[in-house]
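Read the structure below first, then the notes.
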Number of protein chains: 2
Amino acid sequence: MPRPKQRTPALRDRVLRAALAILADEGAGALTTRKVAAAAATSIPAVYELFGDKAGLVREVYFEGFRRLGGRFDELDHTDDPRADLLAVIASYRSFVRENSVLAGVMFSRPFADLDPSAKELGATSTVRKFIVGHVRRCIEAGVLASDATDVAHVVLALAQGLALQEAAGWLGTSKASVNRRWMLAFNATLDGLREAQPDARQRLVRSSPLHPCAPR
Amino acid sequence: MPRPKQRTPALRDRVLRAALAILADEGAGALTTRKVAAAAATSIPAVYELFGDKAGLVREVYFEGFRRLGGRFDELDHTDDPRADLLAVIASYRSFVRENSVLAGVMFSRPFADLDPSAKELGATSTVRKFIVGHVRRCIEAGVLASDATDVAHVVLALAQGLALQEAAGWLGTSKASVNRRWMLAFNATLDGLREAQPDARQRLVRSSPLHPCAPR
DNA sequence: CTTGATTCCGAAACAGTGTTCCGAATAGCA
DNA sequence: TGCTATTCGGAACACTGTTTCGGAATCAAG
């Protein structure tokens, strides 16, 4: 029987797409090499030829996830309100996590113990971080936020990640209203608190609480 | 040969302890039933007799993690500064995550796809949440924070979780100074922002950004 | 068109998991 | 002392990741 397609053109994409589909449809536990190969209408060794390893496949899924998230960010358009734009980015992040929950798990809370993120993997996340840093910088230039842009961006991203994690785990409550209320409360409070530069942050903290280097165990 | 110990007294504890040790020493990927049984100096079926399932074993590890975290919280003593006390709780949480990183991963970012948290599992986390709610309530009564205590507690916990996740992933930077700076910045800003009740949170957000029910995909 | 080398896929084989079955040894009780 | 019930141990299954090898399809040359 004739080979259905060409030699090795879009096979890699087909396998990657199949892996993402299985991940989204059946969860992380169902992502086996056999299933991926079957879904991509190819064989197991082909997967190994293309990705070397299952960890390699997962790594590519990881990259693809950040590409897709970055693609969503690029679709957002700017207005003249930097704070609203920043919140729109957060909302986009939130909806991405909601709609691709398993993929987000791979990206942010590594359900695969065999994925050992190296510098290269961390680099993939830098575009997302840089995007947020850019929006934060706009806010700072507009006087809506203060302090260092990178620091603030990390805080914002951490808050978004933590909230997304809690939402996915069902810890933020069952009703949509309470979940939304807590998202709003969190970002409004944090952005309000960041309106002015933290004046004596180091002093205040060292004085008032042990959030410094290594608290005694 | 005589059996070394009694029949079934501390065997369950021994197995659980062995699982925790393997988890801490060799990572989540090394937590196999065979290894646990060998480390506990028992047999594989004994593990299944005691926990029914590997998921059951992991679930007990999960519970034990929250028990230990709660134990740390109980060791903290109150001062007359509610805000400092709340920050001390956060610092304790942070050090717990740092010192038990793999266990924290099991508790908060489920690396085990086969652990399907039901209401019972969620209940185990409620003591931790209630503890934080209590501290937040003290802050509210002292006028240091405003708004609803439960809402604020969720925000605080989400922020702590997000920061811990980013710290564990190495996203907060490599130098201790920058990591600490970002923790301090985050909590100072958020707590400052929560000093007064968010006056028109709903209105402001609905007006200024799409952080509400379901943003269009 | 035939033929050959090359490249790739497919089935089967290995090691290591989670899980279970059955025999055997032990503890408690009469 | 003997019985019984319970629990532990070794060995067996099904399924995973991973590799190896044989064969088929592809392209180029004669």
Side-chain angles (χ1 to χ4, degrees), chain A residues 1-23 25-62 102 106 110-116, chain B residues 1-23 25-62 102 106 110-116:
Chain A
M1 117 186 169
R3 191 169 300 254
K5 293 281 173 184
Q6 318 94 305
R7 200 110 175 126
T8 45
L11 197 154
R12 185 189 166 91
D13 278 15
R14 225 169 63 212
V15 172
L16 201 56
R17 209 173 294 274
L20 284 162
I22 289 174
L23 212 55
D25 292 345
E26 307 177 45
L31 190 73
T32 74
T33 55
R34 285 165 172 77
K35 255 194 184 113
V36 170
T42 181
S43 69
I44 297 118
V47 176
Y48 283 86
E49 183 91 18
L50 289 168
F51 299 96
D53 209 346
K54 186 188 175 183
L57 174 62
V58 174
R59 185 164 33 240
E60 289 308 314
V61 169
Y62 181 91
V102 187
V106 174
R110 56 204 65 190
F112 294 90
D114 49 357
L115 174 58
D116 191 24
Chain B
M1 114 186 168
R3 193 169 298 256
K5 293 282 175 187
Q6 319 93 308
R7 197 106 176 127
T8 44
L11 196 152
R12 185 189 165 92
D13 278 16
R14 227 169 61 213
V15 172
L16 200 56
R17 210 173 293 275
L20 284 162
I22 289 175
L23 212 55
D25 292 345
E26 308 177 45
L31 190 74
T32 74
T33 55
R34 285 163 172 77
K35 257 195 183 115
V36 170
T42 182
S43 70
I44 297 118
V47 177
Y48 282 87
E49 185 91 17
L50 289 168
F51 300 96
D53 209 347
K54 186 188 175 183
L57 175 62
V58 173
R59 184 164 32 239
E60 289 307 314
V61 168
Y62 180 91
V102 187
V106 174
R110 59 203 65 189
F112 295 90
D114 47 357
L115 175 57
D116 191 23

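Labels below follow one simple rule: chain letters A, B, ... track the order of the sequence lines, proteins then strands, and each chain is numbered from 1. Note that the coordinates shown come from a computational prediction; the quantities given were computed from them, not determined experimentally.
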Residue T42(A), side-chain heavy atoms: nucleotide from dT19(C), dG10(D), dG10(C) that is nearest: dG10(C)
Heavy-atom check, side chain of V58(A) versus side chain of D53(A), under 4.5 Å: no
Interatomic distance, D53(B) CG vs dT17(C) P [rounded to whole Å]: 17 Å
Quick one: which protein N/O atoms are closer than 3.5 Å to N/O atoms of nucleotides 14-16 of chain D? Pair and distance per line, please.
none

Under-4.0 Å side-chain N/O to phosphate OP1/OP2 contact, S43(B) with dC8(D): no
Atom CD of E60(B) with >12 non-hydrogen neighbours under 6.0 angstrom: yes
Separation of dT19(D) P from L50(A) CG (nearest whole Å): 14 Å
Test side chain to side chain contact (heavy atoms under 4.5 Å, CB included) applied to A39(A) - qualifying residues, sequence neighbours left out: A18(A), I22(A)
Which residue lies more 5' along DNA chain C, comparing E49(A) with I44(A) via nearest heavy atoms: E49(A)
Residue pair R59(B) / F51(B), side-chain heavy-atom distance below 4.5 Å: no
Value in whole Å for how far the C1' atom of dA11(C) lies from OH of Y48(A): 15 Å
Residue pairs passing the salt bridge (Lys or Arg N to Asp or Glu O under 4.0 Å) test where at least one lies in residues 32-43 of chain B, sequence neighbours excluded: E26(B)-K35(B)
Side chains of Y48(B) and L57(B) in contact at under 4.5 Å (non-hydrogen atoms): no
